[in-house]
Structure formats: C-alpha cells, structure tokens
Q: 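This structure is in structure tokens; I'll ask about it shortly.
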Protein chains: 2
Amino acid sequence: MTPPSAPARDPASTRERLLDTAERLFAEQGFDGTSLRQITREAGVNLAAIHYHFGSKDALIDAVFDRLIRPINEARLERLDGVEREAGEGAPELERVIEAFVRPPLEASIGSGELGARRMRLVGRVHAEREHISRQLFVRQFEDVFRRFHAALGRCLPELDPETIAWRMHFMIGAMVHVVLTAGDPTVRQVLGPDGDGLEPDALARRLVPFLAAGMRAGEKGTAP
Amino acid sequence: MTPPSAPARDPASTRERLLDTAERLFAEQGFDGTSLRQITREAGVNLAAIHYHFGSKDALIDAVFDRLIRPINEARLERLDGVEREAGEGAPELERVIEAFVRPPLEASIGSGELGARRMRLVGRVHAEREHISRQLFVRQFEDVFRRFHAALGRCLPELDPETIAWRMHFMIGAMVHVVLTAGDPTVRQVLGPDGDGLEPDALARRLVPFLAAGMRAGEKGTAP
DNA sequence: CAAGGAGTCAAACGACCGTTTGAATCATAC
DNA sequence: GTATGATTCAAACGGTCGTTTGACTCCTTG
C-alpha cells in the first residue's frame, strides 16, 4: 500500500503556498473577510502552519504586502532611473515619469489574465484598507519611492511648489488605486465599455497617463488658460 | 426613588442612534471590522435592536449607506441643475461641473471638524469596500448621477468620445475617493503639509478641481501639445 | 545508529460572531 | 382598566474566529 498522494514535504513550499493562497484570497475578499482556516484549507496545509511560519495573521498580511509591493516599487525606481539617465542634465519628460510610476502596479504580476487582475485588486486593497498593514512597514516601503518621484516631478514642473506637487501625487495615486481596485468589477466594466482587453496594462496606461500628465501640468504656462 | 436615568424610550431614537453609531464605527473600522455588539454597546441599546429595526447586519450597512449617499447625490444633481440653468443653451464651464460632482462628498456632512472627517472616510469606504453593499442599491444610487454628469461633461468636451469621458470620470472618482478615504490619516497628513485646515472642503476643492479639469481636457485643442 | 532540531499534525482553548427566542415592558386605544 | 401592538430585554443558539499546545514525523548531523 503506497501512501495516498504523499504531501510533498518540500520545506520551502509550505511557506510559499501560504503566501500564494493568502494573496489570492485577500485580493478577493479583503483581509478581515478571509480566515486563516480558509487559507490553510485551500493551500492544503495545516492550520497551525501560519503561526509556525509567520507568527500571526497580521504578520502574514505584512508578509503578503511586502512580497507584493516590494518588486513593484523596485520596478518604479528602476524605470525612473532609466528615464532620468536618458534625460541627462535636462528635465525628463513628464509623461515618462508618470508612466514609470503607474506602469508597475498596473502590470502587478506577469501582466494580464485572471491572475494579474487579482493581484491588481490587492495592490488597490493595501491602499484602501491600509489600517491592516503595519504603519512602519508601509512607510518604509513607500518613502523612497515618494521622495524620488517627488523630486523628479519637481524638475518636470519647475513652476509648481513642492506642496502642490505632493497634493497632485496624492490625486495620481488615488486615480491609479481606484482603477486597480475596481479592475474586473462587473458594474464598472459595464460602464467603461464591454471590450475585454481594455483592462490590459497597456490599454490602461494609454488612458491614464495623458489624463494624469495634463492634471499635473494644470496652471503651468503654455497650457490652457 | 426615581428610576435612575430612565432610558428615554423615544421610538424613533433607537433606530437613529443605531444609524449614527454604526456610521461612526464603520467609518473608523470598516464593515467587517465592526461587530453588532460594539454598535449596540456604544449606542446604549440592546443587541437585538438591530435585527428588530433592520433585520440583519447587511441591511444595516445598506441603511447606513443609503442615508449617507442619498443627500450627497441629491446635492450633486441640484448643483448640476444650477450650473446648467445658468449656462442656458451653451455648454457649462467644465470647472463648475466638476465642482458640482466633487464638492458634495467633500462636504460630506455639516462640512468640517472631526465628524465631517469621519463621514468623509465612510464615503471613501463605500467605494473601496463595495462588496459589502447590495449591488442593486449601489447601482440605483449612482446611475442617475453618472448619466447626468456624463452628458454634461460631454457638452463641455465635445471632442471627446463617450468612452473616453467615462474613463476620465472613473479617474476623477478615484482621485476623489482616495482624498476622502485618507482624510485624517497621519501618514498622509505629514506628507501633504502640517496645516490643519488643508483638509477643509474649500481647500481640498481648490486643489482638486484644477487638477481634474486639466486632466479632463487632455488632448482637446487649445491645450498643451 | 542515536540525537536533535525543523516541520507537520489533530485537537482544543477562550473569545467573539450574527442571529433567534420568548418573556417583560411600554404606549396607546377601547 | 384592560386588551393590543410596538418595542426592549436578558439569555442563549450554533458557528467561526485567531491562537496555543503537545505529540508525532521527517531530515540532517554527529
């Protein structure tokens, strides 16, 4: 008698299966709406595994957040590095800076498909349900990104004072988060047109970037009165 | 011996105290994060009162949502009526249409102060945690507002196709929701400047409306290349 | 082969959840 | 004053929650 489907005791696998499953369920149901029992059941591991590997539900949420957002922010900074390198001494083009900021969360994963849409939702959730995430971790993850992009936007828009740029970054984040949070929502989809591929990162960026760039430029000379 | 502080059996009072308390706690802790026991305890009424007056927790959430959002949307439509009446045959000014859309949720209550900031957060939450609210109710509350503003914006921006306008309304809602959802967040407050009254509806609108108007106009002739 | 740490397991902990019940209490109308 | 319907009350329902425990299995190291 062979043991029926031996549980594959790969040591690293349990931890990552938990992160994968938790990420999926948090995206679909929110943090409060997802129980540890559901996560462990769907991951096919024991209930106690979460506390063994992470310590608590809050620590699991932080781990999921960290694994999700870290590569996004790294990609943002890499893209910004490239944009600034190409610009040399002069100011980089505003549209390219904005694209460096919004593209990584839109791509959110391998890019598109059902899995990508789910991770997109989670990117939105970590902003909208921020109170579940350790404030220290949240600040640490975003302070570099904020500072770098704030400086870059300041060079693109020399007439705007730093406070105005900060406010407009806030609006930009809001538009981006909302797009990403409602990706796949049937009610929204119905309003924005029935085409299935309007939610691809490319299509979203083509809609979002010109809107944000124009908003950022508001009041600068050379624009509409 | 007088009965120590008779519990004031005003029939309408229990129902409204429940709505008030639930609204406050939902704003602070979210829907899943608030229990019926906490609501009834802080409202000073019996636990069963919620099921007597509303029927279930979901029905209470819907009732809070309805009471919160209905006057906001009525105010939006009234303001839009006024703007269109003044414009007569011609197209109304874009800034005024946008202001008609974003001012009511920013004012959100009597206007400012701690109570206003809390209701603001709830306005954000009903968008960000939409899955807790009956879809029927949500659609019914917003379909008129969406249709009316979509038409008005179309008259302001005759060069844009309806789908583009719908997308840009989506971005506008996102920026507005995020502002309103993070109102009072200490991390955000620190970034946007320490002044306490930057979160008044007037100050917010002065920042938000020009940004959104410029974004809406993106690509129209007469604006920057 | 023995020892020991790493990982997994079933079971239980106390607490809290939304909901229901049935009796007690109130206001009102006869 | 008594019947009637509306409202409030304490208590309990079954269930699920996050967390903890202690024994058990596995793999590695000596």
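Lettering of chains follows the sequences in order, A, B, ..., and the numbering in each one begins at 1. These values consider heavy atoms only, across backbone and side chains, with no hydrogens, waters or symmetry-generated copies.
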Q: Would you kindly give the CG-to-P distance between B:D32 and D:dG18, to the nearest whole Å?
A: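 Roughly 11 Å, once rounded to whole Å.
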
Q: When the distance from CD1 of A:I39 to P of D:dT16 is rounded to whole Å, what number comes out?
A: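 Distance check: A:I39 CD1 to D:dT16 P gives 16 Å.
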
Q: Check the distance between D:dT19's P and A:F54's CZ and give it to me in whole angstrom.
A: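 So the CZ-P distance, A:F54 to D:dT19, works out to 13 Å.
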
Q: Within the structure, does a side-chain N or O atom of A:N46 lie under 4.0 Å from either OP1 or OP2 of C:dG7?
A: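 For A:N46, the contact criterion (side-chain N or O under 4.0 Å from OP1 or OP2 of C:dG7) is not met.
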
Q: Strictly below 4.0 Å: does A:T14 bring a side-chain N or O up to OP1 or OP2 of C:dT8?
A: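 Answer yes for this pair, as a side-chain N or O of A:T14 is under 4.0 Å from OP1 or OP2.
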
Q: Starting at CD1 of A:I50 and ending at C1' of C:dG7, how long is that distance when rounded to a whole Å?
A: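 After rounding, the gap between these two atoms is 15 Å.
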
Q: Would you indicate what A:T40 reaches in the nucleic acid, counting non-hydrogen atoms under 4.0 angstrom: base, sugar-phosphate, or nothing?
A: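 Contact class for A:T40: none.
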
Q: Let's see if you can work this out: which of C:dT19, D:dT19, C:dT21 has an atom nearest to the side-chain heavy atoms of B:A48?
A: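 The closest nucleotide is C:dT21.
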
Q: Determine whether the aromatic ring centres of B:F26 and B:F65 lie less than 6.0 Å apart.
A: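 No, the ring of B:F26 stays outside the 6.0 Å limit from the ring of B:F65, centre to centre.
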
Q: C:dG7, D:dA12, D:dT19: which one has an atom nearest the side-chain heavy atoms of A:K57?
A: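 It is D:dT19.
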
Q: Looking across every strand, which nucleic acid part, if any, lies under 4.0 Å from A:L47 by heavy atom: base, sugar-phosphate, or nothing?
A: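 It contacts base atoms.
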
Q: Between atom CG in B:L18 and atom P in C:dG18, what is the gap in whole Å?
A: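 Whole-Å distance recorded here is 14 Å.
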
Q: Send over the distance from A:H51 NE2 to D:dT19 P, rounded to a whole Å.
A: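 After rounding, the gap between these two atoms is 4 Å.
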
Q: Over how many whole Å does the gap from A:L36 atom CG to D:dG18 atom P extend?
A: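 Between P of D:dG18 and CG of A:L36: 4 Å.
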
Q: So, is B:H53 near the phosphate of D:dT8, with a side-chain N or O under 4.0 Å from OP1 or OP2?
A: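 For D:dT8, OP1 or OP2 has a side-chain N or O of B:H53 closer than 4.0 Å.
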
Q: Would you say a side-chain N or O of B:S35 is under 4.0 Å from OP1 or OP2 of C:dC16?
A: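 It does not, given that no N or O in the side chain of B:S35 lies less than 4.0 Å from OP1 or OP2 of C:dC16.
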
Q: Are B:T164 and A:R207 side-chain neighbours, meaning at least one heavy-atom pair lies under 4.5 Å?
A: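 With C-beta onward as the side chain, the pair touches.
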
Q: Report the relative orientation of the aromatic rings in A:H132 and A:F31; use parallel for angles under 30°, tilted for 30 to 60°, perpendicular for over 60°.
A: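 Ring orientation, 0 to 90° scale: tilted.
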
Q: What is the separation between atom CZ on A:R37 and atom C1' on C:dA15, rounded to the nearest whole Å?
A: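 Nearest whole value for this atom pair: 12 Å.
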
Q: For A:R41 and for A:G55, locate the closest nucleotide of DNA chain D by heavy-atom distance; then report the residue assigned to the nucleotide nearer the 5' terminus.
A: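 Looking at the nearest nucleotide for each, A:R41 comes out on the 5' side.
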
Q: A side-chain contact here means heavy atoms from C-beta on lying under 4.5 Å apart; do A:R125 and A:L122 qualify?
A: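 Of all side-chain heavy-atom pairs linking A:L122 with A:R125, at least one is under 4.5 Å.
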
Q: Pick the closest DNA chain C nucleotide for B:T34 and for A:Y52 by heavy atoms, then say which residue is nearer the 5' end.
A: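 Looking at the nearest nucleotide for each, A:Y52 comes out on the 5' side.
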
Q: Measure from the ring center of B:H127 to the ring center of B:F142 and say whether it is less than 6.0 Å.
A: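 Centroid distance B:H127-B:F142: below 6.0 Å, so yes.
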
